[in-house]
Amino acid sequence: MQVERVQGIASTFRDNIPEAYIRSEQEQPALTTVHGLDPGVQVIDMSDPDQEKVHGLIINASQEWGMFQIINHGIPSEVIIKLQNVGKEFFELPQEEKEVYAKPPGSKEGYGTFLQKEMEGKKGWVDHLFHKIWPPSSINYQFWPKNPPSYREANEDYAKHLNRVADKLLKTLSLGLGLKEHELKEAMGGENLQYLLKINYYPPCPRPDLALGVVAHTDMSSLTILVPNDVQGLQASRDGKWYGVKYIPNALVIHIGDQLEILSNGKYKSVLHRTTVNKEKARMSWPVFLEPPFRFTIGPHPKLVNGENPAKYTSKKFDDYCYCKLNKIPQ
Ligand code: OGA
Ligand code: NI
(Lines give C-alpha, C1' and ligand atoms only; values in the text may rest on other atoms or scores of the structure.)
(Ligands and ions follow the chains in the order given, each with its own letter.)
Protein backbone atom coordinates (compact mmCIF):
# COMPACT_ATOMS: atom_id res chain seq x y z
CA MET A 1 0.00 0.00 0.00
CA GLN A 2 1.24 3.46 -0.89
CA VAL A 3 1.93 5.53 2.23
CA GLU A 4 0.51 9.04 2.15
CA ARG A 5 3.33 11.61 2.05
CA VAL A 6 3.07 14.99 3.78
CA GLN A 7 4.45 16.61 0.63
CA GLY A 8 1.38 15.33 -1.26
CA ILE A 9 -1.03 16.50 1.45
CA ALA A 10 0.63 19.93 1.54
CA SER A 11 0.02 20.42 -2.16
CA THR A 12 -3.74 19.84 -1.82
CA PHE A 13 -4.54 21.92 1.29
CA ARG A 14 -4.56 25.72 1.03
CA ASP A 15 -6.10 27.21 4.20
CA ASN A 16 -6.51 24.32 6.58
CA ILE A 17 -4.89 21.02 7.45
CA PRO A 18 -6.29 17.55 8.15
CA GLU A 19 -7.40 16.91 11.73
CA ALA A 20 -4.63 14.31 12.19
CA TYR A 21 -2.02 17.11 12.06
CA ILE A 22 -3.67 19.48 14.55
CA ARG A 23 -1.84 19.23 17.86
CA SER A 24 -3.47 19.53 21.27
CA GLU A 25 -3.44 22.99 22.90
CA GLN A 26 -0.60 21.84 25.18
CA GLU A 27 1.54 21.36 22.10
CA GLN A 28 0.43 23.96 19.56
CA PRO A 29 3.46 26.13 18.78
CA ALA A 30 1.45 29.36 18.74
CA LEU A 31 0.43 28.75 22.37
CA THR A 32 3.60 27.23 23.77
CA THR A 33 6.62 29.06 22.31
CA VAL A 34 8.48 31.64 24.41
CA HIS A 35 9.04 34.82 22.42
CA GLY A 36 11.67 37.48 22.71
CA LEU A 37 14.48 36.29 24.91
CA ASP A 38 17.63 34.80 23.47
CA PRO A 39 17.30 31.05 23.91
CA GLY A 40 20.70 30.72 25.55
CA VAL A 41 21.81 27.90 23.28
CA GLN A 42 25.52 28.75 23.13
CA VAL A 43 27.24 29.56 19.85
CA ILE A 44 30.81 28.29 20.13
CA ASP A 45 33.62 29.44 17.83
CA MET A 46 35.77 26.35 17.34
CA SER A 47 38.62 28.39 15.85
CA ASP A 48 39.11 30.48 19.00
CA PRO A 49 42.86 30.40 19.82
CA ASP A 50 41.95 29.80 23.46
CA GLN A 51 41.08 26.10 23.09
CA GLU A 52 40.77 25.65 26.86
CA LYS A 53 37.90 28.10 26.74
CA VAL A 54 36.31 26.25 23.79
CA HIS A 55 36.47 22.96 25.72
CA GLY A 56 34.91 24.61 28.77
CA LEU A 57 32.04 26.04 26.75
CA ILE A 58 31.28 22.70 25.07
CA ILE A 59 31.32 20.81 28.37
CA ASN A 60 29.20 23.41 30.10
CA ALA A 61 26.60 23.57 27.30
CA SER A 62 26.36 19.76 27.27
CA GLN A 63 25.51 19.80 30.97
CA GLU A 64 23.16 22.78 30.96
CA TRP A 65 21.17 22.58 27.70
CA GLY A 66 22.36 19.42 26.00
CA MET A 67 22.52 21.55 22.88
CA PHE A 68 24.91 24.10 21.33
CA GLN A 69 25.90 25.46 17.95
CA ILE A 70 29.42 25.49 16.56
CA ILE A 71 30.88 27.86 13.98
CA ASN A 72 34.28 27.84 12.23
CA HIS A 73 34.26 24.06 12.67
CA GLY A 74 36.43 23.36 9.65
CA ILE A 75 33.78 22.07 7.21
CA PRO A 76 33.98 24.35 4.15
CA SER A 77 30.70 26.10 3.40
CA GLU A 78 30.77 24.71 -0.18
CA VAL A 79 30.63 21.18 1.23
CA ILE A 80 27.54 22.05 3.29
CA ILE A 81 25.88 23.89 0.41
CA LYS A 82 26.39 20.88 -1.89
CA LEU A 83 24.93 18.53 0.71
CA GLN A 84 21.90 20.81 0.97
CA ASN A 85 21.49 21.27 -2.78
CA VAL A 86 21.50 17.58 -3.65
CA GLY A 87 19.08 16.80 -0.79
CA LYS A 88 16.73 19.54 -1.93
CA GLU A 89 16.89 18.30 -5.52
CA PHE A 90 15.95 14.82 -4.36
CA PHE A 91 12.83 16.06 -2.55
CA GLU A 92 11.85 18.11 -5.60
CA LEU A 93 11.86 15.03 -7.85
CA PRO A 94 8.49 13.70 -9.04
CA GLN A 95 6.86 11.55 -6.35
CA GLU A 96 7.28 8.26 -8.25
CA GLU A 97 11.05 8.81 -8.45
CA LYS A 98 11.26 9.31 -4.69
CA GLU A 99 9.13 6.22 -4.03
CA VAL A 100 11.86 4.08 -5.63
CA TYR A 101 13.73 4.61 -2.33
CA ALA A 102 10.71 3.93 -0.07
CA LYS A 103 11.66 2.06 3.11
CA PRO A 104 11.23 -1.68 2.80
CA PRO A 105 9.23 -3.13 5.74
CA GLY A 106 11.36 -3.24 8.89
CA SER A 107 14.11 -1.07 7.39
CA LYS A 108 15.30 2.07 9.10
CA GLU A 109 16.93 3.29 5.89
CA GLY A 110 15.02 4.73 2.96
CA TYR A 111 12.45 7.39 2.03
CA GLY A 112 9.49 7.60 4.37
CA THR A 113 6.92 9.26 6.56
CA PHE A 114 6.46 8.28 10.18
CA LEU A 115 3.07 6.82 10.83
CA GLN A 116 3.17 8.34 14.25
CA LYS A 117 1.16 6.35 16.70
CA GLU A 118 2.54 8.42 19.54
CA MET A 119 0.82 11.31 21.29
CA GLU A 120 -2.91 10.97 20.63
CA GLY A 121 -2.39 9.49 17.19
CA LYS A 122 -1.34 12.85 15.73
CA LYS A 123 1.04 13.09 12.81
CA GLY A 124 4.11 15.24 12.19
CA TRP A 125 4.25 17.57 9.17
CA VAL A 126 7.40 16.01 7.70
CA ASP A 127 8.77 13.40 5.28
CA HIS A 128 12.32 12.06 5.45
CA LEU A 129 15.11 10.07 3.86
CA PHE A 130 17.40 7.97 6.08
CA HIS A 131 20.69 6.34 5.14
CA LYS A 132 24.07 5.59 6.68
CA ILE A 133 27.00 7.78 5.69
CA TRP A 134 29.87 6.50 7.89
CA PRO A 135 31.94 4.36 8.27
CA PRO A 136 32.24 3.75 4.51
CA SER A 137 32.03 -0.04 5.04
CA SER A 138 28.56 0.32 6.62
CA ILE A 139 27.00 2.18 3.68
CA ASN A 140 24.19 0.59 1.75
CA TYR A 141 24.11 2.58 -1.52
CA GLN A 142 20.73 1.13 -2.40
CA PHE A 143 19.25 3.90 -0.22
CA TRP A 144 21.31 6.74 -1.73
CA PRO A 145 19.46 8.58 -4.51
CA LYS A 146 21.00 8.17 -7.98
CA ASN A 147 19.41 11.45 -8.93
CA PRO A 148 20.82 14.09 -8.78
CA PRO A 149 23.97 12.35 -10.06
CA SER A 150 26.23 14.34 -7.70
CA TYR A 151 24.31 13.08 -4.63
CA ARG A 152 26.91 10.44 -3.80
CA GLU A 153 29.95 12.66 -4.09
CA ALA A 154 28.34 15.45 -2.05
CA ASN A 155 27.35 13.08 0.76
CA GLU A 156 30.67 11.24 0.85
CA ASP A 157 32.50 14.52 1.01
CA TYR A 158 30.35 15.77 3.88
CA ALA A 159 30.77 12.50 5.80
CA LYS A 160 34.56 12.71 5.65
CA HIS A 161 34.59 16.25 6.98
CA LEU A 162 31.95 15.50 9.58
CA ASN A 163 33.96 12.60 10.95
CA ARG A 164 36.76 15.00 11.84
CA VAL A 165 34.41 17.37 13.64
CA ALA A 166 32.75 14.49 15.50
CA ASP A 167 36.11 13.11 16.65
CA LYS A 168 37.07 16.50 18.00
CA LEU A 169 33.81 16.90 19.90
CA LEU A 170 33.98 13.38 21.34
CA LYS A 171 37.52 13.99 22.60
CA THR A 172 36.45 17.17 24.37
CA LEU A 173 33.36 15.50 25.84
CA SER A 174 35.52 12.59 27.01
CA LEU A 175 37.94 14.91 28.81
CA GLY A 176 34.95 16.70 30.32
CA LEU A 177 34.00 13.46 32.07
CA GLY A 178 37.51 13.00 33.43
CA LEU A 179 38.18 10.20 30.95
CA LYS A 180 41.07 9.93 28.51
CA GLU A 181 40.47 11.49 25.09
CA HIS A 182 39.68 8.25 23.29
CA GLU A 183 37.65 6.52 25.99
CA LEU A 184 34.23 7.98 25.26
CA LYS A 185 34.25 7.07 21.56
CA GLU A 186 35.52 3.61 22.46
CA ALA A 187 32.56 3.16 24.81
CA MET A 188 30.22 3.99 21.91
CA GLY A 189 31.65 1.39 19.57
CA GLY A 190 34.93 3.04 18.54
CA GLU A 191 35.52 2.91 14.80
CA ASN A 192 32.21 1.05 14.41
CA LEU A 193 30.25 4.06 15.61
CA GLN A 194 27.48 4.45 12.98
CA TYR A 195 26.61 7.76 11.35
CA LEU A 196 23.04 7.79 10.15
CA LEU A 197 21.92 10.75 8.04
CA LYS A 198 18.29 11.81 8.04
CA ILE A 199 17.05 14.47 5.68
CA ASN A 200 13.89 16.08 7.03
CA TYR A 201 11.61 17.75 4.51
CA TYR A 202 8.90 19.92 6.07
CA PRO A 203 6.60 21.17 3.29
CA PRO A 204 5.00 24.63 3.62
CA CYS A 205 2.05 24.30 5.99
CA PRO A 206 -1.18 26.39 5.80
CA ARG A 207 -1.52 26.32 9.63
CA PRO A 208 1.95 26.42 11.20
CA ASP A 209 0.30 27.69 14.40
CA LEU A 210 -1.48 24.35 14.90
CA ALA A 211 0.95 21.74 13.53
CA LEU A 212 4.38 20.47 14.51
CA GLY A 213 7.09 19.02 12.29
CA VAL A 214 8.88 16.60 14.59
CA VAL A 215 7.09 16.32 17.94
CA ALA A 216 8.89 16.76 21.28
CA HIS A 217 11.55 14.07 21.70
CA THR A 218 15.11 13.38 22.73
CA ASP A 219 17.40 11.75 20.16
CA MET A 220 18.20 8.09 20.72
CA SER A 221 21.71 8.70 19.36
CA SER A 222 24.88 9.37 21.32
CA LEU A 223 25.35 12.69 19.62
CA THR A 224 23.47 14.40 16.77
CA ILE A 225 25.11 16.91 14.43
CA LEU A 226 22.58 18.88 12.42
CA VAL A 227 22.67 21.26 9.46
CA PRO A 228 19.45 23.26 8.99
CA ASN A 229 18.34 25.31 5.99
CA ASP A 230 17.56 28.99 6.52
CA VAL A 231 13.95 28.47 7.62
CA GLN A 232 13.75 28.80 11.39
CA GLY A 233 11.98 25.94 13.16
CA LEU A 234 14.10 24.05 15.69
CA GLN A 235 13.08 24.57 19.32
CA ALA A 236 14.74 23.38 22.52
CA SER A 237 13.03 22.88 25.85
CA ARG A 238 14.31 24.12 29.14
CA ASP A 239 12.44 24.15 32.46
CA GLY A 240 9.23 23.26 30.67
CA LYS A 241 9.45 26.14 28.17
CA TRP A 242 10.10 26.09 24.40
CA TYR A 243 12.73 28.39 22.89
CA GLY A 244 13.56 28.91 19.22
CA VAL A 245 17.13 28.02 18.24
CA LYS A 246 18.56 30.85 16.18
CA TYR A 247 19.51 30.05 12.58
CA ILE A 248 23.17 30.87 11.94
CA PRO A 249 24.55 30.35 8.42
CA ASN A 250 27.15 27.53 8.30
CA ALA A 251 26.70 26.60 11.93
CA LEU A 252 26.24 23.00 13.06
CA VAL A 253 23.70 22.31 15.80
CA ILE A 254 24.95 19.70 18.27
CA HIS A 255 22.49 17.69 20.34
CA ILE A 256 23.45 15.42 23.22
CA GLY A 257 21.46 12.20 22.72
CA ASP A 258 20.21 9.53 25.12
CA GLN A 259 23.24 7.23 24.82
CA LEU A 260 25.61 10.00 25.88
CA GLU A 261 23.39 10.93 28.82
CA ILE A 262 23.56 7.28 29.90
CA LEU A 263 27.32 6.91 29.27
CA SER A 264 28.03 10.08 31.24
CA ASN A 265 25.81 8.78 34.08
CA GLY A 266 23.62 11.86 33.75
CA LYS A 267 26.32 14.54 33.62
CA TYR A 268 25.44 15.44 30.02
CA LYS A 269 21.75 16.05 29.26
CA SER A 270 19.88 14.55 26.33
CA VAL A 271 18.05 17.62 25.02
CA LEU A 272 14.26 17.68 24.58
CA HIS A 273 13.51 19.35 21.24
CA ARG A 274 10.86 19.68 18.52
CA THR A 275 10.32 21.54 15.24
CA THR A 276 7.77 23.97 13.91
CA VAL A 277 6.88 24.48 10.26
CA ASN A 278 6.52 27.49 7.96
CA LYS A 279 3.55 28.83 6.03
CA GLU A 280 5.37 29.78 2.83
CA LYS A 281 8.65 27.93 2.77
CA ALA A 282 9.80 24.33 2.93
CA ARG A 283 12.04 23.78 5.90
CA MET A 284 14.77 21.17 5.61
CA SER A 285 17.37 19.78 7.97
CA TRP A 286 20.17 17.22 7.82
CA PRO A 287 20.73 15.65 11.24
CA VAL A 288 23.43 12.97 11.46
CA PHE A 289 22.84 10.57 14.35
CA LEU A 290 26.00 9.04 15.81
CA GLU A 291 24.82 5.68 17.07
CA PRO A 292 26.50 2.71 18.73
CA PRO A 293 26.50 -0.44 16.59
CA PHE A 294 23.29 -2.51 16.83
CA ARG A 295 23.20 -4.59 20.06
CA PHE A 296 26.29 -2.83 21.47
CA THR A 297 25.96 -2.55 25.26
CA ILE A 298 25.61 0.96 26.62
CA GLY A 299 25.60 1.87 30.29
CA PRO A 300 27.21 4.45 32.57
CA HIS A 301 30.97 4.38 31.90
CA PRO A 302 32.57 2.07 34.52
CA LYS A 303 35.13 4.75 35.39
CA LEU A 304 32.34 7.14 36.37
CA VAL A 305 30.59 4.78 38.75
CA ASN A 306 31.71 4.03 42.32
CA GLY A 307 30.40 3.89 45.87
CA GLU A 308 29.77 7.61 46.01
CA ASN A 309 28.41 7.80 42.46
CA PRO A 310 26.07 4.88 41.85
CA ALA A 311 24.83 4.10 38.33
CA LYS A 312 21.77 6.17 37.50
CA TYR A 313 20.83 4.05 34.46
CA THR A 314 20.77 0.34 33.74
CA SER A 315 23.03 -1.00 31.00
CA LYS A 316 21.27 -2.27 27.90
CA LYS A 317 21.96 -3.28 24.34
CA PHE A 318 21.46 -0.45 21.87
CA ASP A 319 18.44 -1.37 19.85
CA ASP A 320 16.64 0.75 17.26
CA TYR A 321 13.29 -0.57 18.33
CA CYS A 322 13.60 0.09 22.02
CA TYR A 323 11.71 3.25 22.82
CA CYS A 324 11.93 2.96 26.61
CA LYS A 325 15.23 4.65 26.21
CA LEU A 326 16.85 6.01 29.29
CA ASN A 327 16.13 3.21 31.78
CA LYS A 328 16.67 5.53 34.71
CA ILE A 329 17.20 3.77 38.05
CA PRO A 330 15.15 5.39 40.83
CA GLN A 331 17.69 6.74 43.36
C1 OGA B 1 15.14 15.06 14.36
C2 OGA B 1 15.12 16.48 14.72
C3 OGA B 1 15.36 18.79 14.09
C4 OGA B 1 15.30 19.69 12.91
O5 OGA B 1 14.96 14.77 13.17
O6 OGA B 1 15.37 14.23 15.27
O7 OGA B 1 15.08 16.77 15.89
O8 OGA B 1 15.76 20.83 13.04
N9 OGA B 1 15.17 17.43 13.76
O10 OGA B 1 14.77 19.29 11.88
NI1 NI C 1 15.84 15.15 17.10
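Each ligand, and each atom within it, is numbered from 1 in the order the structure gives. In this text, all values refer to a predicted model and were calculated from it rather than measured experimentally.
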Please list, in number order, the atoms of ligand 1 under 4.0 Å from a heavy atom of L226. 3 (C), 4 (C), 8 (O), 9 (N)
For Y151 together with H131, are the ring centres under 6.0 Å from each other? yes
What do you reckon, is NZ of K180 surrounded by more than 12 foreign heavy atoms closer than 6.0 Å? no
What part of D219, side chain from CB on, backbone N/CA/C/O, both or neither, has a heavy atom under 4.0 Å from ligand 1? side chain
Taking only heavy atoms of K198 into account, list the atoms of ligand 1 that are under 4.0 Å away from them. 1 (C), 5 (O), 6 (O)
Is there a donor-acceptor pair under 3.5 Å between the side chain of Y268 and the backbone N or O of L173? yes
Specify whether W125 and Y21 have parallel, tilted or perpendicular ring planes, treating 30° as the upper limit for parallel and 60° as the lower limit for perpendicular. perpendicular
At a non-hydrogen distance cut-off of under 4.0 Å, which region of F289 contacts ligand 1 (side chain, backbone, both, or neither)? side chain
With carbon and hydrogen excluded and only N/O/S kept, which atom of D219 is nearest the Ni ion (ligand 2)? OD1
Which word best sums up how the rings of W65 and Y243 line up, parallel for under 30°, tilted for 30 to 60°, or perpendicular for over 60°? perpendicular
Would you check if the Ni ion (ligand 2) lies under 2.8 Å from any N, O or S atom of H217? yes
Flag this pair as yes if the NZ/CZ of R152 is under 6.0 angstrom from the six-membered ring centre of Y141 and inside a 45 degree cone about the axis; otherwise no. yes
Any idea which atoms of ligand 1 are less than 4.0 Å away from a heavy-atom of S285? 4 (C), 8 (O), 10 (O)
I need the atoms of ligand 1 closer than 4.0 Å to a non-hydrogen atom of T275, numbered in the order shown. 3 (C), 4 (C), 8 (O), 10 (O)
F318 and F296: aromatic ring centres closer than 6.0 Å? no
Answer with yes or no whether R283 contacts ligand 1, where contact means a heavy atom under 4.0 Å from a ligand atom. yes
Hey, does H217 sit under 4.0 Å from ligand 1 if you only count heavy atoms? yes
The protein heavy atom nearest to atom 9 (N) of ligand 1 is N200 ND2, 3.6 Å
Hey, is H273 touching ligand 1 through its side chain, its backbone, both or neither, going by heavy atoms under 4.0 Å? side chain
Any chance you could lay out the ring-ring contact (aromatic ring centres under 6.0 Å, His included) test for F91 and H128, step after step, and finish with the verdict? CA-CA 9 Å; F91 277 92; H128 60 248; 8.8 Å; no
Answer yes or no: does an N/O atom from H255 fall short of 3.5 Å to an N/O atom of ligand 1? no
Test item: S285 side-chain N/O and P287 main-chain N/O as donor-acceptor pair under 3.5 Å: no
